[in-house]
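Computation of the quantities below employed the complete heavy-atom set of this structure, encompassing side-chain atoms and omitting hydrogens, waters and symmetry-equivalent molecules. Keep in mind that what you see is a predicted model, and the values were worked out from it rather than measured. Protein chains get the first letters and strands the later ones, always in sequence-line order, with residue 1 at the start of each.
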Protein chains: 2
Amino acid sequence: MEWSDVRIFLAIAREGSLGAAARVVGQTQPTMGRRLRALEAALGQALFQRTTDGFVLTDEGAAVMASAERMEEEALAFERRLAGRESTLSGQLRLAASDWFGSYVLTPVLAEFARRHPSVTVELLTDARLYSLARREADLAFRIKAFDEPDVISRRLLRMPYALYARRGDPRPRKDGRGTRLVTMNAAFGGMPDVTWLKKHLPQASVAFTSNNREAQARMCAEGIGVAVLPTALGEAFPELRRVDLGDPPPSRDTWLGYHKDLKRLNRLRSLLELLAERFAE
Amino acid sequence: MEWSDVRIFLAIAREGSLGAAARVVGQTQPTMGRRLRALEAALGQALFQRTTDGFVLTDEGAAVMASAERMEEEALAFERRLAGRESTLSGQLRLAASDWFGSYVLTPVLAEFARRHPSVTVELLTDARLYSLARREADLAFRIKAFDEPDVISRRLLRMPYALYARRGDPRPRKDGRGTRLVTMNAAFGGMPDVTWLKKHLPQASVAFTSNNREAQARMCAEGIGVAVLPTALGEAFPELRRVDLGDPPPSRDTWLGYHKDLKRLNRLRSLLELLAERFAE
DNA sequence: TTCTTTCCATGCAAAAATGCATGAACAAAA
DNA sequence: TTTTGTTCATGCATTTTTGCATGGAAAGAA
């Protein structure tokens, strides 16, 4: 049995089709089909049923799925261990953060880092989905909660203050919020503390626009669509916006960073962590 | 990183040279060298130091050795799981036993099995070293002790009686053994119960020949070199030998068989186990 | 020292794997 | 029904990998 084919087996099992699996492992569909056939021939058993809607694991395939997954985990650990020992200040560094945090908070620091270490390529992924640190989809991730994945080192980076913003020149909202329109997070984020805060301070206000994208909220707010609770780092970047003080500021939120412990000694990561700590020292 | 190259890494780490590793994985020395180079290039780090006496792991290589070994374990488990589901009565069946046990005790049963199941290839390994059931170096092993490896199913097969043998026509040993010469196990097997038994019954006898090979002992005994304690299954096979009764028979020994639990459902193994149980029923 | 053995690197030809293009099968949409 | 969009299999040219043969370096034996 060719060990590399186990990786292909996993990809097909997860994706359900040769083409999709090929994209995952970076090969072509015919190759995937041929390697799978070779694997099944070597094992003497069929791992998939070729059904009309894709490749479905046979009992045999399902029986070895767990082994294949553990094999993958060890392969990933193998690579992480080694990456953690790279002492050069070169190579790639992949960060994952929410969109506005990446653009407005991180970029200044990353620019400085890039200037200091020209042989390090920084890749910033701003994406709603959570990248896996264990699979090394990202080397460093930023979130608004502490990380609870195993083997991930989690640290509080900074406390991000929030404020209510309105378009410069627009009238100040009435006390109960009647007549005021709101720009807020998506319904999916209903539980967010700033939504609660808004309900308390402007109970009569109506919702004009929602989005899962803070920057889109800021732009809509700048267009005068409504008032919005925004991270100050974002709000202050728009000259059209003006802070509105309702006496009690909206709740601030912590931002955490996390990285896999195997990468603790990765020098380029360490350098960036130091710079981040320095720039965001409270 | 190519997963298959991890296997090559392991082989080189264990063997210490490209040529030896090539023999283990069934490839050639140049290929091993090139694959290793490719692996190191992909990882960006050297895994071995090329010293005058072979390939020695660097710190980096040592750091990932454990991951590579666990990866191998999972690969082996993958294959075992699948083998355990093969329902056909064909394919290979590899047995490991001590030399005389294999030749004199097993062969009759194996011959019968081979006749019954012509599409199963039985391979009998008689070798001093212990084959690993976990690595599937053998599907079924016979030993004189219960197996204590994890995940191995161990069962007592039979009790093998032993007896003292001398060449037919040679004089019976004196009561204290003075003047009698002995053919026994190697010094390395000093603690064997038959040695103790000999010391007790023929304390004055001297040792003429030792070997770790019971059959060699039987042949030397048949040549008249000395008396020997042999398994009766072996002793009775030599017409030149005659049983010598000293009143109290030498201790008999149990023979155990063991196989990996993942192979419990392997039909060809089950058939052989049934036949063995039948033929050796007490 | 010289001879022998062992081991790794490399050139080159043969073999194998890969990717592209295409065709067939099938399901969903028009 | 026809059309459209997916998905897998296969032929073929190309690229890549492999094995063989050879040479050189180093260590041990004579």
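In this view, A:Arg143 and A:Glu149 satisfy the salt bridge (charged side-chain N to carboxylate O under 4.0 Å, His left out) rule, not counting sequence neighbours. Here B:Arg37 pairs with B:Arg34 under the side-chain contact (heavy atoms from CB on, under 4.5 Å) rule; sequence neighbours left out. Residues passing the side chain to side chain donor-acceptor pair (under 3.5 Å) test with B:Thr28, sequence neighbours excluded: B:Thr31. Partners of A:Asp262 under the side-chain contact (heavy atoms from CB on, under 4.5 Å) rule, at least two apart in sequence or in another chain, are A:Arg80, A:Arg81, A:His260. Not counting sequence neighbours, the partners of A:Glu223 by the side-chain contact (heavy atoms from CB on, under 4.5 Å) test are A:Ile225. Considering only residues two or more places apart in sequence or on other chains, B:Thr107 meets the side-chain contact (heavy atoms from CB on, under 4.5 Å) condition with none of them. For the side chain to side chain donor-acceptor pair (under 3.5 Å) test, no residue two or more places apart in sequence or in another chain qualifies with A:Arg115.
Listed by first then second residue, pairs satisfying salt bridge (charged side-chain N to carboxylate O under 4.0 Å, His left out) with a partner in residues 211-220 of chain A read A:Asp194-A:Arg214, A:Glu215-A:Arg219, not counting sequence neighbours. Applying the salt bridge (charged side-chain N to carboxylate O under 4.0 Å, His left out) test to every pair with at least one member in residues 59-71 of chain B, sequence neighbours left out, gives these pairs: A:Glu74-B:Arg70, A:Arg85-B:Glu60.
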* To do: Test A:Ile8 against A:Met32 for side-chain contact (heavy atoms from CB on, under 4.5 Å), laying out the working first.
  => CA-CA 7 Å; A:Ile8 282 163; A:Met32 300 300 280; 3.8 Å; yes
Letter by letter from the 5' end, nucleotides 3-10 of chain C scores (B base, S sugar-phosphate only, - none; protein heavy atoms under 4.0 Å) -----BBB
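Here A:Thr28 does not reach the OP1 or OP2 of C:dT18: none of its side-chain N or O atoms lies under 4.0 Å away.
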Distances for protein N or O near nucleotides 23-25 of chain C N or O, under 3.5 Å:
none

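First and last contacting nucleotides of DNA chain D toward chain A (any atom under 4.0 angstrom from a heavy atom, 5' to 3' order): D:dC8 to D:dG11.
What separates CE of A:Met32 from C1' of C:dA17 is a distance of 14 Å, to the nearest Å.
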